[in-house]
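Single-structure report; data block below.
Protein chains get the first letters and strands the later ones, always in sequence-line order, with residue 1 at the start of each. Worth saying up front: this structure is predicted, and the values here are computed from it rather than measured.
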2 protein chains.
Amino acid sequence: MSSDLTAQARIRNAAVELFARDGFAKANVRAIAAAAGVSAALVIHHFGSKEGLRTVCDEHVLEVLLRRSRAAGQPDLLREYLADPDGYLMHVRYMTRAMADDAPTAQAFVDRIVAESEEIHRNGVAAGTMRESSDPRALAVLNVLISLGTLTMPPALARTLGDEKFGPDTLRRLAKPTLELYTHGLYTDDAPLRALEKEMSES
Amino acid sequence: MSSDLTAQARIRNAAVELFARDGFAKANVRAIAAAAGVSAALVIHHFGSKEGLRTVCDEHVLEVLLRRSRAAGQPDLLREYLADPDGYLMHVRYMTRAMADDAPTAQAFVDRIVAESEEIHRNGVAAGTMRESSDPRALAVLNVLISLGTLTMPPALARTLGDEKFGPDTLRRLAKPTLELYTHGLYTDDAPLRALEKEMSES
DNA sequence: CCTTGAGCTGAACAAGTGTTTAGTGTATTG
DNA sequence: CAATACACTAAACACTTGTTCAGCTCAAGG
């Protein structure tokens, strides 16, 4: 039990969990209250409104995720995830949903991880472990997209891998093809790339 | 105007659009009816329930997407998208939302595009244009993830590229780093890959 | 012509929603 | 000790939701 927490905190935690699981629209105040072991009225009393509760949750999740990413010097999503699969996944899912709803906090999160991703690349280039890119910012966005997409993979996609539902196993299995892609790409020559470059220079 | 369509079709089209834009839970029958220029009661009359409407929409979108992907011999998502950005995007978004809700139709869609993606890779390997993979299925899933993720990119992510909202420009800009990744990867050597392989053989 | 049936509607209904209100108990404080 | 403030609740409220119902319109068929 987490009953030694203040009621406000219990409500917030329950809300984060339900928002992450069901989405903001589908999750309702009474269910959140029940999960926190309090009345629905208390939720409103403490947070003003469901929207107010959301704002607090947004900021809390943002803070937790950023603290985490700061803790791991060189952010390694896979390792970070494996350390606390359920908790981390819940928070990432929450943020992904916030991004879908285009919540203001999501922008702060995105700005931050894109910047971090770009910096990792910059360091990698400086250290000689990574190739330069024609568009570092776009590359960072792509990397963020891949990381988040992998972590929040829809069940239907996980099922095509044989896993009944997403879990550490799924992620582990995806890790190798991903690293293979990142080490030598997929195409055997640069014809497709040159074709695109030619096409772009024409228009 | 699309008033020459039957009312049922107009309702279905409006529903697909609103489900894609707002999600199933947030979109409400009255709004769909209004968008189709009919009464809310008619929606229920024709489709039995909101859930019934969803089923019809699911199957419709699935059919449209599969027909499209069949039309383009070698499916090229980028080109396919550029041909009819708004329409295609709407349907992909719809499917992505269906995947998030884990709708049965989404599974059919996923099975299909993963299989297609795997076949493209197989053909590429046979033709010598693509490298072999240690896990073709997982690679296919990764590729689908990247494609869908890019297409349904959240606004917050698009904004870090300077674009106010997602559109053809965003996609065009991402195309090059993506192709660069697919032609020569990102890492300059295979140390990270070997490290992972070693780690996996140990456990 | 009239009957039938299908497309269609406004109004009502029942359930679920976020929120308000009025009030309880329980500490803390002057 | 009295008073104030705070955490908390049950019940009610207002509104939205999906859905039902009774009835309208109107073209097709006997």
Quiz prompt | B:K26 vs A:D101, salt bridge (Lys or Arg N to Asp or Glu O under 4.0 Å): CA-CA, chis, key distance, verdict | solution = CA-CA 11 Å; B:K26 221 167 157 189; A:D101 296 347; 5.4 Å; no

Practice problem: Could you tell me whether the side chain of A:R137 and the main chain of A:V114 form a donor-acceptor pair under 3.5 Å? | Solution: no

Self-check item: salt bridge (Lys or Arg N to Asp or Glu O under 4.0 Å) between B:R159 and A:D102, worked out
Solution: CA-CA 11 Å; B:R159 256 178 249 123; A:D102 210 5; 2.6 Å; yes

Self-check item: Interface with DNA chain D, restricted to residues 39-46 of chain A and to heavy atoms under 4.0 Å
Solution: A:S39, A:A41, A:L42, A:H45, A:H46

Quiz item: Restricting to pairs with a member in residues 23-63 of chain A, which pass ring-ring contact (aromatic ring centres under 6.0 Å, His included), not counting sequence neighbours?
Solution: A:F19-A:F24

Practice problem: May I ask you to check whether A:N13 and A:E17 show a side-chain donor-acceptor distance below 3.5 Å? | Solution: no

Quiz prompt | Length of the line joining B:E51:CD and D:dT17:C1', which is rounded to integer Å | solution = 15 Å

Quiz item: Any donor-acceptor pair under 3.5 Å linking the side chain of B:Y94 with the backbone of B:D58?
Solution: yes

Quiz prompt | side chain to side chain contact (heavy atoms under 4.5 Å, CB included) partners for A:A108, two or more places apart | solution = A:L62

Quiz item: D:dG18 C1' sits how many Å from B:L53 CG, rounded?
Solution: 12 Å

Quiz prompt | Partner residues of B:R30 under the side chain to side chain contact (heavy atoms under 4.5 Å, CB included) criterion, sequence neighbours left out | solution = B:N28, B:A40

Quiz item: Just wondering, do B:L53 and B:I32 contact through their side chains at under 4.5 Å, heavy atoms?
Solution: yes

Self-check item: Derivation of the salt bridge (Lys or Arg N to Asp or Glu O under 4.0 Å) call for A:R173 and B:D135
Solution: CA-CA 9 Å; A:R173 178 159 172 206; B:D135 188 343; 2.6 Å; yes

Self-check item: Close approaches to DNA chain D from residues 15-28 of chain A, in residue order (heavy atom, under 4.0 Å)
Solution: none

Quiz item: Mapping A:A7 and B:V29 onto DNA chain D by nearest heavy atom, which one lands closer to the 5' end?
Solution: A:A7

Quiz item: Separation of A:F47 atom CZ from D:dA7 atom P, in whole Å?
Solution: 12 Å

Practice problem: Tell me, please, the opening and closing nucleotides of DNA chain C, 5' to 3', among those with an atom under 4.0 angstrom from a non-hydrogen atom of chain B. | Solution: C:dC8 to C:dA12

